[in-house]
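Here the structure comes first, spelled out in structure tokens, and everything after it is commentary.
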Amino acid sequence: MPAGGSLCGCPLDSAVVTGEDQAQLPPQYAPGNVEPRLYDRWESSGLFTADAKASKPPFCIVIPPPNVTGSLHIGHALDHTLIDALVRRRRMQGYNALWLPGMDHAGIATQNVVERELANEGLSRHDLGREKFVERVWQWKAESGGKILGQMRRLGDSVDWSRERFTMDEGLSRAVQTIFKRLFDDGLIYRAERIINWCPRCLTALSDIEVDHSDEDGELVSIRYGEAEDSIVVATTRAETMLGDTAVAVHPDDPRYSHLVGREIELPLSGRRIPVVADPHVDPQFGTGAVKVTPAHDPDDFEIGRRHGLPSRTILNERGVITAKGPFEGLDRFEARPAVVAALREQGRIVAEVRPYVHAVGHCMRCGTVVEPRLSLQWFVKVGPLAKVAGDAVRDGRVRIHPTDMAARYFDWVDDMHDWCISRQLWWGHRIPVWYGPDGQVSSVGPGEDPPGEGWYQDPDVLDTWFSSALWPFSTLGWPDDTDDLRVFYPTSVLVTGYDILFFWVARMMMFGLYAMADRGPIDAVPFRVVALHGLVRDAHGKKMSKSRGNTVDPLDWIDRFGADATRFTLARGASPGSDVAISEEWVTGARNFCNKLWNATRFALLNGARVPAARPPREALSVADRWILSRLAAVTADADALFEQFEFAKLCEALYHFAWDEVCDWYLELAKLPLSSGDSAAARTTRDVLGYVLDRLLKLLHPVIPFVTEELWVALTGGDSIMIAPWPGSLAGGSGESSPRASTASTGDAAGPAYH
RNA sequence: GGGCGGUUAGCUCAGUGGGAGAGCGCUUCGUUGACACCGAAGAGGUCACUGGUUCAAUCCCAGUAUCGCCCACCA
């Protein structure tokens with residue numbers, strides 16, 4: 001298609017530099033004068049909006065929905081840059097490209113933020129009551145969410161705003177209720193009393209992966225239970241739990257204790273008599289080879305208790321305060337620990353010295369509080385069958401994980417996963433769609449259905465945030481309804497996200513996507529065809545960014561000072577698949593200079609009357625320099641395509657950077673000065689053509705990564721509507737298997753491959 | 001306790017069985033009409049260590065050291 005033609009039937013207003021003004025590009029690129037204007041133009045012209053009815057091959061990426069809490073950080077900026085680059089390239093290649101935006105309600109995180117806000121007013125959520133509190137969160141979401149959307153615009157995200165979704169909107173709530181009921185009816189969701197991870201501060205259950213483990217200094221205390229030859233020494237790091245012991249366990253083959261198995265010994269302090277049981281789980285090599293058993297407060301002990309029919313004694317309440325009658329009642333677990341040890345010592349029950357002991361302690365990933373294993377009645381997803389299917393889809397190549405070594409982590413998790421605790425004792429989230437009858441009946445209620453009857457009440461808990469995010473690739477496209485969007489854009493093409501949420505999000509989308517969309521058959525039930533994982537953003541020395549370290553980068557700050565393009569280029573330039581990205585102010589400065597270099601190269605071309613030729617100059621008219629730069633262009637174009645297909649953004653940026661700076665600017669442009677100085681000679685005309693041709697292509701190749709400058713310059717150079725819909729200079733076919741077979745055979749527009757070789 | 005990855009120029013990182021690289025930083029020079037957010041020239045590395053395979057190893061293999069990440073219900 002000709003440059004400058006109206007490509008979409010929705011002509012852009014062209015209040016940019018045109019005609020005589022072309023030569024008036026200022027000598028320095030000022031992003032602040034360009035970016036907001038261009039984004040508004042793009043958005044209002046509808047270029048971001050996909051059309052499900054279009055005959056073009058589909059290409060779809062759903063955004064990893066940012067939490068409504070807070071604002072976008074530099075990690076989001078990386079993610080968005082990479083996604084935007086992929087989407088923009090596909091759009092130029094003639095695909096029906098959709099980047100679907102939205103946000104996540106982020107259950108615990110958001111509730112915590114609003115509760116903190118309330119605390120500043122001296123209130124708790126209970127003062128407001130459930131309904132008022134949830135109302136307040138919605139109110140808060142309205143403000144905070146708007147901020148994030150503004151940041152996405154600043155970054156240049158070419159998202160389809162008409163399709164924006166939220167994990168708590170009406171449609172997604174229906175999706176949640178629908179899949180819950182299906183899973184429940186299929187026996188894949190159940191309710192059970194189990195030891196779960198409990199946060200005594202957030203006062204809710206957590207899933208296994210919401211617990212962060214870190215090695216901490218603890219004390220291993222050896223305690224003598226029983227008397228004389230009926231005594232046995234156990235070791236523990238959590239002495240206070242002995243108040244809830246209901247047995248001591250030893251290995252069945254351990255000769256040291258065989259005489260005690262089956263007998264009862266006295267538990268110190270309480271004086272209760274507890275049995276000694278033999279259980280193969282006990283490691284005779286560790287410590288004394290005898291373990292205290294606290295079924296209500298330890299997952300292992302719970303299992304031992306179950307095997308031996310032991311009672312469970314709960315001695316801590318939901319806040320981690322001792323409830324066992326006696327001198328320790330009312331003490332916090334961390335106060336009770338030394339108090340219990342002291343009492344035992346007084347009775348001569350502490351045998352060996354208390355030993356320092358480093359062990360892994362679990363913390364609530366939202367607030368850092370030490371997690372307490374707690375026996376409670378919760379809802380679970382039975383993950384076995386779902387995870388099997390999710391693993392197979394990657395094993396047999398229906399979903400490809402980039403880089404491939406990340407697949408090993410995926411398998412580790414998916415192949416050995418505990419059931420997923422999905423109920424949370426919160427108010428902000430999807431209420432569990434289950435009702436309980438007056439006689440203890442349990443009924444799962446689908447969307448739009450009425451409660452089963454009088455006297456029934458709904459479960460007060462809400463679902464884990466990740467339950468609704470797991471539905472994101474199809475719920476956002478309209479599921480459970482059979483919509484055009486769902487038919488056209490599912491499975492989505494690529495999922496681009498950080499490796500840190502491989503388990504939280506990616507694996508669960510796999511499980512739920514394959515389950516919910518199973519009727520499409522194994523090939524097309526997958527939520528995405530490719531998973532492209534990137535790393536975390538780190539500072540110049542590879543250190544993790546953190547507020548306490550003071551090395552964080554605010555993307556808006558960089559955008560203000562260096563421009564969105566420079567920010568994006570810096571991030572993309574560091575992004576090798578799966579590797580962390582080190583950035584610093586020196587890097588953005590370089591990227592900003594690069595944008596300026598492009599600006600001035602184009603400015604030079606305009607000053608010298610370069611233009612994009614309608615037809616290529618005859619080969620015999622080309623100088624050696626012309627032929628050289630054109631062959632280099634062809635090679636770089638091919639490289640760029642290959643690198644895009646492999647998500648090698650760092651190498652892509654490197655290749656284009658060097659071509660543009662070293663070869664086009666430092667060499668070709670300098671060599672061109674001689675023929676250009678010869679006025680209207682044939683050589684000058686050819687050089688102007690070649691220069692225009694090369695810059696046209698170069699700007700297009702760079703546009704996916706640095707959309708703003710390239711748009712501004714390309715419009716000035718060609719007089720075209722928008723580079724966004726100009727034909728991609730490289731290959732048009734998708735090569736990474738991210739598109740459906742239907743899509744990969746399609747081609748659009750002219751085969752705009754390099755014309756010179 | 002398992003699994004994975006790194007160790008190359010001052011810093012951050014590419015890289016390949018035979019010639020050691022980039023960006024930034026550094027040194028010297030340059031007020032040539034695209035750009036000083038620039039240009040030209042240049043300094044700087046026993047490619048962690050040890051052994052092996054090979055005509056040849058920074059690159060392949062084994063081991064060591066060290067850093068980092070992920071997973072894990074051993075008190």
Side-chain angles (χ1 to χ4, degrees), chain A residues 23 25-30 195 197 208-209 211 213 218 220-223 234-239 241-242 245 248-249 281-294 298-304 357 359-360 362 373 403 405-413 416-418 499-500 502-503 535-536 538-544 562-563 566 570 573-574 576 578-608 610 648 650-651 653-655 657-658 661-662 664-666 669-670 672-673 676-677 691:
Chain A
L25 286 183
Q28 213 171 71
Y29 173 52
I195 296 269
N197 305 291
D208 290 346
I209 50 176
V211 178
H213 292 272
L220 195 60
V221 184
S222 298
I223 309 167
V234 298
T236 180
T237 54
R238 295 194 299 153
T241 62
M242 61 91 60
D245 284 2
V248 168
H281 172 81
V282 179
D283 176 3
Q285 307 300 320
F286 188 94
T288 61
V291 195
K292 60 192 276 307
V293 181
T294 324
D298 184 278
D300 290 335
D301 294 3
F302 180 74
E303 291 305 320
I304 294 176
Y357 187 75
H359 62 139
D405 51 314
M406 285 288 177
R409 288 191 189 187
Y410 174 82
F411 293 134
D412 276 353
W413 195 69
D416 184 29
M417 191 178 169
H418 293 198
Y499 61 70
D500 54 327
L502 188 59
F503 305 145
L536 277 30
R538 293 171 176 272
D539 75 6
H541 299 287
K543 296 270 185 275
K544 206 169 177 175
F562 303 101
T570 304
R573 185 189 211 173
S576 293
S579 303
D580 290 347
V581 181
I583 59 164
S584 71
E585 204 150 311
E586 282 157 4
W587 288 78
V588 227
T589 307
R592 178 256 263 145
N593 296 353
F594 178 58
C595 293
N596 193 239
K597 192 72 180 175
L598 290 172
W599 181 267
N600 275 288
T602 309
R603 180 163 177 263
F604 172 85
L606 291 170
L607 286 168
N608 286 281
E648 291 280 5
K651 288 176 185 161
C653 291
E654 197 70 8
Y657 180 94
H658 282 293
W661 201 309
D662 300 351
V664 174
C665 291
D666 289 349
L669 227 139
E670 292 302 324
K673 285 176 181 173
L676 285 174
S677 67
L691 191 52

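The sequence lines fix the lettering, A, B, ..., with proteins before strands; numbering per chain opens at 1. Computed from a predicted model, the values in this text were never measured in an experiment.
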Legend entry - Pair assignment for B:C35, Watson-Crick or G-U wobble, requiring both distances under 3.5 Å: none

Inset, instruction - Would you indicate which nucleotide in B:C35, B:G23, B:C73 comes nearest to any side-chain atom of A:His418? - result: B:C73

Inset, instruction - Between B:G39, B:C71, B:G15, spot the one nearest the side chain of A:Phe503, thanks. - result: B:C71

Legend entry - Heavy-atom side-chain contact between A:Leu502 and A:Arg409 under 4.5 Å: yes

Inset, instruction - Would you kindly give the CZ-to-P distance between A:Arg538 and B:G6, to the nearest whole Å? - result: 16 Å

Inset, instruction - Between A:Val291 and A:Ala540, name the one whose nearest nucleotide on RNA chain B is closer to the 5' end. - result: A:Ala540

Inset, instruction - Compare the minimum distances between each of B:C69, B:G5, B:A40 and the side chain of A:Arg409, then state the nucleotide with the smallest one. - result: B:C69

Legend entry - Among B:G23, B:A75, B:G15, the one nearest A:His359 by side-chain distance: B:A75

Legend entry - Given B:G5, B:A14, B:A40, the nucleotide with the shortest approach to the side chain of A:Asp405: B:G5

Legend entry - Any A:Asn600 side-chain N or O less than 4.0 Å from OP1/OP2 of B:C38: no

Legend entry - Integer angstrom distance from the C1' of B:U66 to that of B:G25: 27 Å

Inset, instruction - Using atom types as modelled and distance alone, determine if a side-chain donor or acceptor of A:Trp587 lies under 3.5 Å from a backbone N or O of A:Ala540. - result: no

Inset, instruction - Provide, to the nearest angstrom, the distance between the OH atom belonging to A:Tyr499 and the C1' atom belonging to B:G68. - result: 10 Å

Inset, instruction - Output the single nucleotide from B:C69, B:C38, B:A34 whose closest atom is nearest the side chain of A:Arg603. - result: B:A34

Inset, instruction - For B:G68, take OP1 and OP2 only and decide whether either is under 4.0 Å from a side-chain N or O of A:Lys544. - result: no

Legend entry - Residue-phosphate contact under 4.0 Å: A:Tyr357 side-chain N/O, B:A75 OP1/OP2: yes

Inset, instruction - Flag the pair A:His281 / A:Val291 as yes when at least one side-chain heavy-atom distance between them is below 4.5 Å, and no otherwise. - result: no

Inset, instruction - Grab the CG-P distance between A:Asn596 and B:C35 for me, whole Å please. - result: 10 Å

Inset, instruction - Among B:A75, B:C13, B:C73, find the nucleotide with the atom closest to the side chain of A:Thr236. - result: B:A75

Legend entry - N/O (side chain, A:Lys597) to phosphate O (OP1/OP2, B:A36) under 4.0 Å: no

Inset, instruction - Let me know, please, whether A:Ala582 or A:Ala601 comes out on the 5' side of the other along RNA chain B by nearest nucleotide. - result: A:Ala582

Legend entry - Nearest listed nucleotide, side chain of A:Gln28, among B:C37, B:U12, B:G39: B:C37

Legend entry - Over all atoms of both residues, closest heavy-atom pair of A:Lys597 and A:Asp666: NZ-OD1, 4.3 Å

Inset, instruction - Figure out the CG/C1' separation between A:Asn593 and B:C38, and round it to whole Å. - result: 9 Å

Inset, instruction - Output the single nucleotide from B:C38, B:A75, B:U12 whose closest atom is nearest the side chain of A:Thr237. - result: B:A75

Inset, instruction - Look at A:Lys673 and B:U32 and indicate whether a side-chain polar atom (N or O) is within less than 4.0 Å of OP1 or OP2. - result: no

Inset, instruction - Ignoring hydrogens and angles, tell me if any N or O in the side chain of A:Asp298 forms a donor-acceptor pair with the backbone of A:Asp300 under 3.5 Å. - result: yes

Inset, instruction - Decide yes or no, distance alone: a donor-acceptor N/O pair under 3.5 angstrom between the base of B:A40 and the side-chain of A:Glu670. - result: no

Inset, instruction - Classify the ring geometry between A:Phe594 and A:Trp661 as parallel (under 30°), tilted (30 to 60°) or perpendicular (over 60°). - result: parallel

Legend entry - Nearest-neighbour nucleotide for the A:Trp661 side chain, B:G39, B:C24, B:G5 considered: B:G39

